[in-house]
Number of protein chains: 2
Amino acid sequence: MKIGELAQVAQCTVETVRYYEKEGLLSEPARTPGNFRVYGPEHLERLRFIRNCRALDMSHGEIHTLLNLAVQPAEGCGAINAVFDQHIAHVEERIQELAQLKLQLNTLRQRCRTEQAVDACGILHGLAAMENGQKSERHTHLG
Amino acid sequence: MKIGELAQVAQCTVETVRYYEKEGLLSEPARTPGNFRVYGPEHLERLRFIRNCRALDMSHGEIHTLLNLAVQPAEGCGAINAVFDQHIAHVEERIQELAQLKLQLNTLRQRCRTEQAVDACGILHGLAAMENGQKSERHTHLG
DNA sequence: ACACAACCTAAAGCTACTATAGAGTCAATG
DNA sequence: CATTGACTCTATAGTAGCTTTAGGTTGTGT
């Protein structure tokens, strides 16, 4: 199959497929005499794997690691579980952060319930005055 | 005060300060004869405002809007509240997405409870087989 | 006089793509 | 057989919000 078909069945764009190839997530496929990429079922399988990981918000780094571990049967899947657990931890951490944020935002929102003059707007004053417990450092790739 | 001191009291790096200036979030300060930036209290106040907004994960666009609205006392603060409410909605939406993700991840994680051969690893098989309800499009700037 | 910290600009790097420009391939139609 | 149109190719730039690097200048202390 050519790149358009591959992209379609894998639910992504052709640009994304080419991008994955450049990143080393997908191996370079054979080419037709006219220089078109030709893919087999093994490429589709791998691309599906990658897209599923992305749908779970894993980073390319994490996916790389998983792909490498998958072809080392000797290793057992302990390392795979570790990657996975760490990713779950990332997601949980980000949820916590956002929940915290939401609290702060709601508190601030309370301060301006009515339409009034800008000078009196409680939100603006709150934003100016907030004593911000320093923005915690990102440990995760989740924005 | 010079840029280093400003950055320190505002809890960010000097590079970030210069970046905000280039982005138009901070106005260009005066310079010493030696071409060093010199800031006054008004710069600090504005930078604090910006950093507080960033701590709440607002985008530069949102912050720009707020800063503009803040200097238009004629307008009243209805628009400000609107920006704020929309941002709160962004945060809530992202929390929902991540919660959904976490469910999927935990389900998958169940499939490999023990250290075993890679070929049998339920996570890998799950990742390969997952029939992914297409990754929903981002409406927010929160990753 | 010289070291050293802090400052300066400009440009590249980061993540995961998306978008654009300009050119080539191929099957079908007139 | 020439042309149209869909598809493909490469290379490059843009997105957000910074961080990092390179290479040079200013100011301070000994």
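In this text the structure is predicted, and so the values were computed from the model without any measurement. Every chain is numbered from 1 and lettered A, B, ... according to where its sequence line falls, protein lines coming before strand lines.
Rounded to whole Å, atom C1' of D:dT8 lies 11 Å from atom OH of A:Y39. For B:I3 and C:dT9, the CD1 to C1' distance is 12 Å, given to the nearest whole Å. Whole-Å rounding puts the A:D57 CG to C:dA16 P distance at 10 Å. For A:E21 and D:dT10, the CD to P distance is 7 Å, given to the nearest whole Å. When the P atom of D:dT28 is taken as reference, atom CD of B:E5 falls 14 Å away, rounded to whole Å. Between the C1' atom of C:dC17 and the NE2 atom of A:H141 lies a distance of 16 Å, rounded to the nearest Å. Distance, A:R31 CZ to D:dC7 P: 19 Å, rounded to whole Å. Taking atom CE of B:M1 as the reference point, atom P of D:dG27 lies 19 Å away to the nearest angstrom.
Taking a cutoff of 4.0 Å between a charged side-chain nitrogen and a carboxylate oxygen, B:E28 and B:R37 do not qualify as a salt bridge. Comment: B:R94 engages B:E97 in a salt bridge, judged by a side-chain N to carboxylate O separation of less than 4.0 angstrom.
Summarising the local packing, CD of B:Q110 is surrounded by more than 12 heavy atoms from other residues, nucleotides or ligands at distances under 6.0 Å.
Taking CE from B:M58 and CD1 from B:I50, the interatomic distance works out to 12.5 Å, rounded to the nearest 0.5 Å. Here the OG1 atom belonging to A:T65 is positioned 10.5 Å from the CD1 atom belonging to A:I80, to the nearest 0.5 angstrom.
Between C:dC7, C:dA16, D:dC9, one nucleotide has an atom nearer to the side chain of B:V14 than all others, and that is C:dC7.
Residue B:R18 is in base contact, counting any heavy-atom pair closer than 4.0 Å across all strands shown.
For A:R37, no side-chain nitrogen or oxygen approaches OP1 or OP2 of D:dT8 to under 4.0 Å. Put simply, B:H60 has a side-chain N or O that comes within less than 4.0 Å of OP1 or OP2 on D:dG17. An OP1 or OP2 oxygen of C:dA16 is reached within less than 4.0 angstrom by no side-chain nitrogen or oxygen of A:Y20.
Remark: the A:E62 side chain and the A:H141 side chain contain an N/O donor-acceptor pair separated by less than 3.5 Å.
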Show me the protein contacts with nucleotides 1-5 of chain D, counting only N or O atoms at under 3.5 Å.
none

Just the table, please: protein N/O against nucleotides 18-24 of chain C N/O, every pair under 3.5 Å.
from	atom 1	to	atom 2	distance (Å)
C:dT18	OP2	A:T16	OG1	2.8

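Two residues are said to be in side-chain contact when any heavy atoms from C-beta on lie closer than 4.5 Å; A:V91 and A:D57 fail this criterion. Proximity of A:L67 to A:F49: side-chain heavy atoms (C-beta onward) are separated by under 4.5 Å at one or more points.
Positionally, the nearest nucleotide of DNA chain D for B:M58 lies more toward the 5' end than for the other of B:M58 and B:P33.
Aromatic ring pairs are classed by plane angle as parallel below 30°, tilted from 30° to 60° and perpendicular above 60°; the pair A:Y20 and A:H60 is perpendicular.
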